[in-house]
Amino acid sequence: MNWWRGAAIYQVYPRSFADGNGDGIGDLAGLRQKLPHLAGLGVDAIWLSPWYPSPLADGGYDVADYRDIEPQFGTLVEAEKLIGEAHALGIRVIIDIVPNHCSDQHPWFREALAGKGRDRFWFHDGDEPPNDWQSRFGGPAWSRTPDGGSWYLHLYAAEQPDLNWTNPEVRAEFESILRFWLDRGVDGFRIDVADGLVKDFSRPDAETPYSDQDGVHEIYRSWRRVLDEYPDERVFVGEMWLPDPERFARYLRPDELHSAFNFDFLCCPWEPGELRRVIDATLAAHAPVGAPPTWVLSNHDVTRHVSRMGREDSSFDFGRRQHLTPTDLELGRERARAAIMLTTSLPGCVYVYQGEELGLEEVDDLPDELREDPVWVRSGHTDRGRDGCRVPIPWGDEGPSWLPRPAHWRSLSVAAQSGDPDSMLAHYRAVLTLRRERDDLGDGPMEWLDLGPDVVAFRRGGHFACVLNLSADPVALPDHDGVLLTSGPLDADGLLPTDTAAWLHLSR
């Protein structure tokens, strides 16, 4: 089986993962030191959010140089050592690539402002913007150039000008960038805003003419040809927030991307009917193109699921982040323990965001003056943004930190949880290790089991079953020869409590 079809992949947000030099900012030295933690966790690969030189107007997604490493993180030589050290531990390395836009400090945009190579971007000369398009971070998607003579398009922050993918020079440049990193041993790319490269300027903002245009598929077919020149199964994973499952699946045809994030599952409330509906819809969308689903609970853009699952409304929506909403963190962590068992037993691959294995929650109460997410400014200080899920994770030997950690996180640190068999960290290690050992998990078929409307249960292979009790009362487990793992203890009668999951070896 292709490794990526059933892999467990761990997302590293470099600035907040591990600080190797004590300056309060995560770096490659820190990541290299913590590779044994990831190997012990049982993951097959890591995905790194952008590590390129950047002014950090958008957390590194404003790239100033696609062929180097941000000096705060380290050097290109260190990146090459990291790739080699990860491979030696059996961990593949996937990196972010950001093709929709670059930084306004990128040499190309500086040249464009000086009058050279303007057709690499989208400029408009006139007294008014050419249309009503809005930035996904809030406010207009067109800004004036510093000299006030033109407008330029930025679907995100003003410091992130959109590239013009009708220009052959842009296409050639990114194919060269792919080869640059493939030659250094990376195992694949997560494509930021994968649906957004092609624009239709004849349509209004209400029709989202900058998302999922047909011409984007030719770009990824050409990228796939580049990737297929290299051995050892290099891969693409796309980031697309698309409502139409049939159009979503088009990106996963055999000559395009290998996989794409399943955000419907991430956004789904902790309710049995909705979970079953989203799982069925996900499997149905992927089946026609033979691609594996991905299962994601949290990432660097969304509210951590420990917090979401402890709220009355456990769903996620970018337009309604529910900042400062009353949250039962004990309940959220209980559900999070069950949720990782659900996601890792579904068909396909699973992603774990750094800190999930520690049970970290969203940090909602950061001081406003420390917030760096452009969403905070562009929303007129009405949306607190994404900084709360990017607070550096605790290891137990903490020094300074670019965003302050809650004091109680000391009890959630890797050092504090190591050796505690009941900790979230021990639970994640057990889940991911058992998943790796079994040949009936990862990619492959599944079959629903009917244990009542409030119980989510299914069979994998001949004898494995996952049972998740979302009813108000404990429930009996189906006939089984053994309990492989539970997210919490069974009750005195051997019943499965509410908000608890069990992995079973079925008797038949």
Side-chain angles (χ1 to χ4, degrees), residues 8 41-42 262 265-279 282 295-298 303-316 327-348 350-353 355-361 412 417 421-435 438 441 446 448-449 451-460 464-478 480 483-491 494-505:
L41 194 59
N262 173 19
F265 183 77
L266 181 152
C267 295
C268 183
W270 191 243
E271 297 172 2
E274 281 298 293
L275 285 168
R276 276 193 293 266
R277 181 191 64 78
V278 168
I279 291 168
T282 299
W295 308 100
V296 185
L297 290 168
S298 290
T303 304
R304 283 189 177 272
H305 66 271
V306 161
S307 291
R308 300 198 315 266
M309 290 180 173
R311 294 171 178 168
E312 183 177 355
D313 179 354
S314 55
S315 65
F316 177 77
T327 303
D328 182 341
L329 292 179
E330 182 178 353
L331 176 62
R333 291 193 176 98
E334 180 181 336
R335 289 175 169 177
R337 292 174 68 97
I340 190 59
M341 293 182 65
L342 172 66
T343 57
T344 51
S345 54
L346 289 167
V350 62
Y351 282 78
V352 173
Y353 179 47
E356 281 186 36
E357 77 274 26
L358 305 178
L360 302 183
E361 78 275 14
L412 300 176
Q417 295 195 41
D422 297 323
S423 68
M424 185 75 82
L425 178 57
H427 182 60
Y428 264 70
R429 286 173 174 163
V431 168
L432 293 170
T433 298
L434 185 54
R435 182 182 190 271
R438 296 190 65 92
L441 294 181
M446 65 166 276
W448 289 113
L449 300 174
L451 300 182
D454 295 324
V455 179
V456 177
F458 51 89
R459 178 196 298 263
R460 299 293 312 276
F464 177 91
C466 176
V467 181
L468 170 63
N469 179 19
L470 298 181
S471 69
D473 301 302
V475 298
L477 294 169
H480 60 277
V483 177
L484 304 172
L485 190 66
T486 62
S487 63
L490 302 178
D491 74 7
L495 301 178
L496 185 68
T498 187
D499 288 319
T500 306
W503 283 0
L504 307 175
H505 186 275

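FYI, side chains are in, hydrogens and waters are out, and symmetry mates aren't considered; it's all heavy atoms of this structure.
- Listed by first and then second residue, the salt bridge (charged side-chain N to carboxylate O under 4.0 Å, His left out) pairs involving residues 305-315 are Arg311-Asp364, Asp313-Arg320 (not counting sequence neighbours).
- Atom CG of Leu297 sits about 4.5 Å away from atom OG1 of Thr343, to the nearest 0.5 Å.
- The two residues Thr327 and Ser307 have their closest heavy-atom pair at CG2-O, 3.4 Å.
- Between the side chain of Arg435 and the backbone N or O of Leu441, no donor-acceptor pair lies under 3.5 Å.
- Contact check for Ser487 versus Arg335: no side-chain heavy atoms found under the 4.5 Å cut-off.
- Glu334 places no side-chain N or O within 3.5 Å of a backbone atom of Gly332 that could act as its donor or acceptor partner.
- The minimum heavy-atom distance between Leu412 and Gly359, with the atom names listed, is CD1-O, 4.3 Å.
- Remark: Ser298 engages His305 in a side-chain hydrogen bond (donor to acceptor under 3.5 Å, both in side chains) (not counting sequence neighbours).
- Across Glu357 and Tyr353, no two heavy atoms sit closer than the pair OE1-O, 4.1 Å.
- Between atom CG of residue Leu425 and atom CD of residue Glu356 there is a gap of 13.0 Å, rounded to the nearest 0.5 Å.
- Under the rule for a ring-ring contact (aromatic ring centres under 6.0 Å, His included), Trp270 has no partner lying at least two apart in sequence or in another chain.
- Residues Thr282 and Trp295 form a side-chain contact, since some pair of their non-hydrogen atoms from C-beta on lies under 4.5 Å apart.
- For Pro478 against Leu451, the heavy-atom pair with the smallest separation is CD-CD1, 3.9 Å.
- For the residue pair Met446 and Arg460, the shortest heavy atom distance occurs at CB-CD, 3.5 Å.
- Contact of the Leu496 side chain with the Val455 side chain is not registered, since no non-hydrogen atoms from C-beta on lie closer than 4.5 Å.
- Note that the CD1 atom of Ile279 and the CG atom of Leu346 stand 4.5 Å from one another [nearest 0.5 Å].
- Here the closest heavy-atom approach between residue Leu495 and residue Pro497 is recorded as O-CD, 3.3 Å.
- Ion pair Glu361/Arg333 flagged as a salt bridge, since at least one NZ, NE, NH1 or NH2 atom sits closer than 4.0 Å to an Asp/Glu carboxylate oxygen.
- Asp499 has its side chain out of reach of Met309: every pair of non-hydrogen atoms, C-beta onward, lies at least 4.5 Å apart.
- Side-chain contact between Leu275 and Leu470 is present, with heavy atoms from C-beta onward closer than 4.5 Å.
- Residues Ser471 and Asn469 have side chains that bring a donor and an acceptor to within less than 3.5 angstrom of each other.
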Between Leu342 and Phe458, does the side chain to side chain contact (heavy atoms under 4.5 Å, CB included) criterion hold? Intermediate values first, please. CA-CA 10 Å; Leu342 172 66; Phe458 51 89; 3.7 Å; yes
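- Contact check for Leu468 versus Met341: no side-chain heavy atoms found under the 4.5 Å cut-off.
- No donor-acceptor pair under 3.5 Å is formed between the side chain of Gln417 and the backbone N or O of Ser423.
- Counting only distance, with no hydrogens or angles, the side chain of His427 and the backbone of Arg337 share a donor-acceptor pair below 3.5 Å.
- The structure places CH2 of Trp503 at 5.5 Å from OG of Ser345, a figure rounded to the nearest 0.5 Å.
- Between Cys267 and Ser315 there is no side-chain heavy-atom pair separated by less than 4.5 Å.
- Counting only heavy atoms from C-beta outward, the side chains of Tyr351 and Leu266 never approach each other to under 4.5 Å.
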